[in-house]
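Shown below is the structure under consideration.
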Amino acid sequence: MDADRRDPSHYLPHPPARAARLAAPAAALAAVAAAFGYVGTVDPNEPGHYPVCPLLRFTGVYCPGCGGLRSAHAFLHGDLPAALQANALAVVGYLALAVLWTVWVVRAVRGRPVRLDLGPVHLWTLGGSLLVFTLVRNLPFGDWLHP
């Protein structure tokens, strides 16, 4: 009993386990919502609000992220064709991240760890997809992928 009196954690209130498990996904959602909220209100199509992509500025080459802010802005305003035109890969990324976040929340509620085991095949496929997207959008026939 004396050990319990000396241990200050014995007297501290413990948060419910489920709320504690949902803290990280909730914080991630709040950060993403804040970022998307800013991009949704501050139009990236108007010059002067955001920095220009350095790769595009100095080389004229569109990187895989070029047009991502315009894509997010259009996506948030419900203009899916404009979002896809600005950066189709970004739209796929928004949807993939929404699915991953949902899986994270469901596993957290159930008290199960989230494991994202990406092997070399997955990483090479992802890298190859980014490379192909970048190459195609910078070739003359890929001008439909320009932001």
Side-chain angles (χ1 to χ4, degrees), residues 1-59 61-138 145-147:
M1 187 155 154
D2 287 333
D4 287 340
R5 289 184 188 180
R6 283 183 258 146
D7 183 14
S9 66
H10 176 73
Y11 298 104
L12 297 175
H14 297 288
R18 182 175 287 176
R21 289 191 307 259
L22 290 175
L29 178 63
V32 170
F36 266 82
Y38 182 78
V39 172
T41 57
V42 179
D43 191 355
N45 295 303
E46 296 178 16
H49 293 294
Y50 300 97
V52 177
C53 173
L55 184 66
L56 181 61
R57 173 178 271 172
F58 295 120
T59 66
V61 173
Y62 293 105
C63 76
C66 280
L69 292 174
R70 288 178 288 236
S71 176
H73 183 79
F75 188 81
L76 289 169
H77 288 273
D79 191 354
L80 188 58
L84 290 168
Q85 170 62 41
N87 192 324
L89 192 61
V91 174
V92 171
Y94 308 147
L95 300 175
L97 288 175
V99 168
L100 287 173
W101 183 83
T102 303
V103 169
W104 185 14
V105 168
V106 168
R107 292 187 67 86
V109 166
R110 293 180 178 170
R112 301 180 75 194
V114 178
R115 291 191 183 120
L116 188 60
D117 295 327
L118 296 178
V121 171
H122 300 106
L123 296 175
W124 279 103
T125 301
L126 181 61
S129 299
L130 286 170
L131 181 63
V132 168
F133 177 74
T134 303
L135 287 174
V136 169
R137 79 186 317 204
N138 285 290
L145 291 173
H146 291 179

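All values reported here derive from a predicted model rather than from experimental measurement.
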Residue pair Arg137 / Pro147: nearest heavy atoms and the distance that separates them: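 Heavy atoms of Arg137 and Pro147 come nearest at NH2-CD, 3.5 Å.
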Tell me every residue that passes side chain to side chain contact (heavy atoms under 4.5 Å, CB included) with Leu56, counting only those two or more places apart in sequence or in another chain.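 Leu56 satisfies side chain to side chain contact (heavy atoms under 4.5 Å, CB included) with Cys53, Tyr62, Cys66 only.
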What heavy-atom pair brings Val39 and Pro44 nearest, and what distance separates the two atoms?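 Closest approach of Val39 to Pro44: O-CD, 4.1 Å.
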Reported CD-to-CZ distance for the pair Gln85 and Arg70, which is rounded to 0.5 angstrom: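 Going from the CD atom of Gln85 to the CZ atom of Arg70 covers 10.0 Å.
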Taking all non-hydrogen atoms of both residues into account, name the closest pair between Val52 and Arg57 and its distance.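 Closest pair (atom of Val52, atom of Arg57, distance): CG2-NH2, 3.9 Å.
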Answer yes or no: is there a donor N or O on one side and an acceptor on the other, between the side chain of Arg21 and the main chain of Pro113, under 3.5 Å?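 Not confirmed, Arg21 side chain does not pair with Pro113 backbone.
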How would you list, by chain and number, every residue that makes a ring pair (Phe, Tyr, Trp, His ring centres under 6.0 Å) with Phe133, sequence neighbours excluded?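 Not a single residue meets the ring pair (Phe, Tyr, Trp, His ring centres under 6.0 Å) criterion with Phe133.
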Nearest heavy-atom pair of His49 and Glu46: which atoms, and what distance?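 Reported closest heavy-atom pair: CD2-O, 3.4 Å.
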Which residues pass the side chain to side chain contact (heavy atoms under 4.5 Å, CB included) test with Leu29, not counting sequence neighbours?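 Leu29 satisfies side chain to side chain contact (heavy atoms under 4.5 Å, CB included) with Trp101 once adjacent residues are dropped.
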Contacts of Asp79 that satisfy side-chain hydrogen bond (donor to acceptor under 3.5 Å, both in side chains) - sequence neighbours left out: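 Scan of Asp79 (side-chain hydrogen bond (donor to acceptor under 3.5 Å, both in side chains), adjacent residues dropped) gives none.
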If you measure from OG1 on Thr134 to CG on Leu55, what distance do you get to the nearest 0.5 Å?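 The OG1 atom of Thr134 sits 9.0 Å away from the CG atom of Leu55.
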Looking at residues at least two apart in the chain, or sitting in another chain, which of them share a side chain to side chain contact (heavy atoms under 4.5 Å, CB included) with Ser129?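 Applying side chain to side chain contact (heavy atoms under 4.5 Å, CB included) to Ser129 gives Thr125.
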Pairs where residues 67-89 contributes a residue and the test ring pair (Phe, Tyr, Trp, His ring centres under 6.0 Å) is met, not counting sequence neighbours: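 Checked against ring pair (Phe, Tyr, Trp, His ring centres under 6.0 Å) - neighbours excluded - the pairs reaching residues 67-89 are His73-His77, Phe75-Tyr94.
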Kindly give the heavy-atom pair with the smallest separation between Asn87 and Pro64, and that separation in Å.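 Heavy atoms of Asn87 and Pro64 come nearest at ND2-O, 2.8 Å.
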To the nearest 0.5 angstrom, please state how far the CH2 atom of Trp124 sits from the CG atom of Leu131.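 The distance works out to 10.0 Å.
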Any side-chain heavy-atom pair of Leu145 and Leu89 under 4.5 Å: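 The answer is no, as the side chains (C-beta and beyond) never meet within the 4.5 Å cut-off.
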So which atom in Ala90 and which in Ser71 form the shortest heavy-atom distance, rounded to 0.1 Å?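 Smallest interatomic distance, heavy atoms only, reads CB-OG, 4.0 Å.
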